[in-house]
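Counting starts at 1 for both ligands and their atoms, following the listed order.
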Amino acid sequence: MSVTAVVGAQWGDEGKGRVVDYLADDADLVIRYGGGNNAGHTVVNPHGHFKLHLIPSGIFHPGTRNLLGNGVVINPPALVAELDGLAAAGFDAGNLFIGPAYIDKVARRGIRVIELMEPDAFRERLAATLPRIRRLVAGFGDDEMADAIAEATDERRIADAYLAAGERLRPHVVDGQALVDEALERGERILLEGQLGTMRDIDWGIYPYVTSSSPIPGGASLGAGLPAVKIDQVLGVVKAYTTAVGAGPLPTELEDVDGEQLRERGEEYGTSTGRARRCGWYDAVAVHFSVRLAGYSAIALTKLDVLDGFERIRIGVAYRDLTDGREWTTVPASTSVYERLEPVYEDLPGWQADTTACRSWSDLPQAARTYVERLEALAGAPITHVSVGPERAQMIVRR
Ligand code: GDP
């Protein structure tokens, strides 16, 4: 009956995968709307512990269809490897479909999945694209790299590998737009699954420290192939503290024992890369910026349990520019200004109790409820879900 976009409200890795896995029980269709296999979601459920890179997080519900939207960048051999991994865990992925998504692994100009189904057309497109790619990479390599580049851009090798992957993917390839259209027509419950978060949006994020797509709800319409007016609700996924991967301003970043505690307790290491994430206190300015941009109907707050051990918990409620004393309550448009801002903190007492067994709002310690209520007031959107662990049962539905 409704279409809900699930959107990352910070720098990514908020736990969108776990939220979609939880909500997909009540969904007919889950559409992944952006990103490629360079990032990933981790989902923990009764079937096991899974790292998904391309496949939507609704895949574990046999009654839920899952679609890779046209906004997704597909590396076919990587997708086949992911399907093999799921098959080994007992999932045949018969509920996975691939719309007209594009591949830019070898050809930055994009080859659509449908062309992978037509070997002659694919070879033609590849032959037309490769000389340009060779010219592009030739500028980077020295003589020693020439052989490696020649091998990596060998036309026959690429065509064989990709067409073989194409054959394996053939049963999953559909006209995505028609599938989405019929689902809307039937009034099905649809979830749109995002990747990364607002602060990495190509237009609205911290340029140039951004991704190549739009994680915000506008990108959901575009990347899922669904009219914007059909999105009924937008659920922002917000982590109870801050993490980021890669460079760029991060005012509340901690490089001390508190940051180390967040990283260890929160297992803040990349799903695909294993790289340690930058960690810090909750940044209410960044989340408020995201709320204004994305217009969340509600917020799912994740990883509250990671804060269980702290005596004092800090919230970044504003920024201060030490060069002129100016206080900022919004994210500055200028990245160089943002880079020099320091956080202004408000401190709350910690609860120092284990919340992982809490199953209802009233089970949470009073100080934890106060913290969530404070975040809600600062965000200006209702926090309807609070998660206290990665398992499905560890989701508290507040209202
Ligand atoms: P996504 O890309 O937004 O889906 O996020 P990731 O999968 O990169 O990171 C979220 C990680 O946090 C995953 O390993 C989840 O299993 C884990 N996780 C999600 N929710 C919770 C929670 O409430 N508590 C704890 N401790 N871990 C969580």
request  = Check each of Q10, E14, H41 against atom 4 (O) of ligand 1 and report the one with the nearest heavy atom.
outcome  = H41
task = State plainly whether one hydrophobic cluster holds both L29 and Y22, where clusters connect Ile, Leu, Val, Met, Phe, Trp and Tyr through side-chain heavy atoms under 4.5 angstrom apart.
result = no
task = Could you tell me which atoms of ligand 1, counted from 1 in the order shown, lie closer than 4.0 angstrom to a heavy atom of G15?
result = 1 (P), 3 (O), 4 (O), 5 (O), 10 (C)
task = Starting from atom 20 (N) of ligand 1, find the nearest protein heavy-atom neighbour and note its residue, name and distance.
result = R18 NE, 3.2 Å
request  = Taking all non-hydrogen atoms of both residues into account, name the closest pair between H172 and L96 and its distance.
outcome  = ND1-O, 2.9 Å
request  = Verify the neighbour count for atom CD of E267: are there more than 12 heavy atoms of other residues, nucleotides or ligands below 6.0 Å?
outcome  = no
ask   = Does atom CD of E124 have more than 12 heavy-atom neighbours from other groups under 6.0 Å away?
value = no
key: R277 and ligand 1 - part of the residue with a heavy-atom distance under 4.0 Å   = side chain
task = Would you mind running through ligand 1 and noting each atom that sits below 4.0 Å from a heavy atom of S387?
result = 20 (N), 21 (C), 22 (C), 23 (O)
message = Among all the protein's non-hydrogen atoms, which is closest to atom 24 (N) of ligand 1, and how far away is it?
response = D305 OD1, 2.8 Å
message = Please check whether V44 reaches ligand 1 - meaning an N/O of the residue sits under 3.5 Å from an N/O of the ligand, judged on distance alone.
response = no
inquiry  = Below 4.0 Å, non-hydrogen atoms only: which portion of V237 touches ligand 1? Side chain, backbone, both or neither.
reply    = neither
query = Of all residues at least two apart in sequence or in a different chain, which pass the ring pair (Phe, Tyr, Trp, His ring centres under 6.0 Å) check with Y296?
reply = none
Within the 6.0 Å centroid threshold, strictly below: W281 and F310 = yes
ask   = Tell me, which protein residue and heavy-atom name are nearest atom 13 (C) of ligand 1, and how many Å apart are they?
value = T42 CB, 3.5 Å
request  = Only heavy atoms count here, so choose which of G8, P390, S57, G17 is nearest to atom 16 (O) of ligand 1.
outcome  = P390
request  = Return yes when atom CZ of R156 has more than 12 non-hydrogen atoms of other residues, nucleotides or ligands closer than 6.0 Å, and no otherwise.
outcome  = no
message = Could you check, using the six-membered ring where one of them is a Trp, whether H47 and F91 have ring centers closer than 6.0 angstrom?
response = yes
message = Looking only at protein heavy atoms, which one is nearest to atom 11 (C) of ligand 1, and what is the separation?
response = K303 NZ, 3.6 Å
ask   = Which bit of D13 gets closer than 4.0 Å to ligand 1, counting heavy atoms only: side chain, backbone, both or neither?
value = both
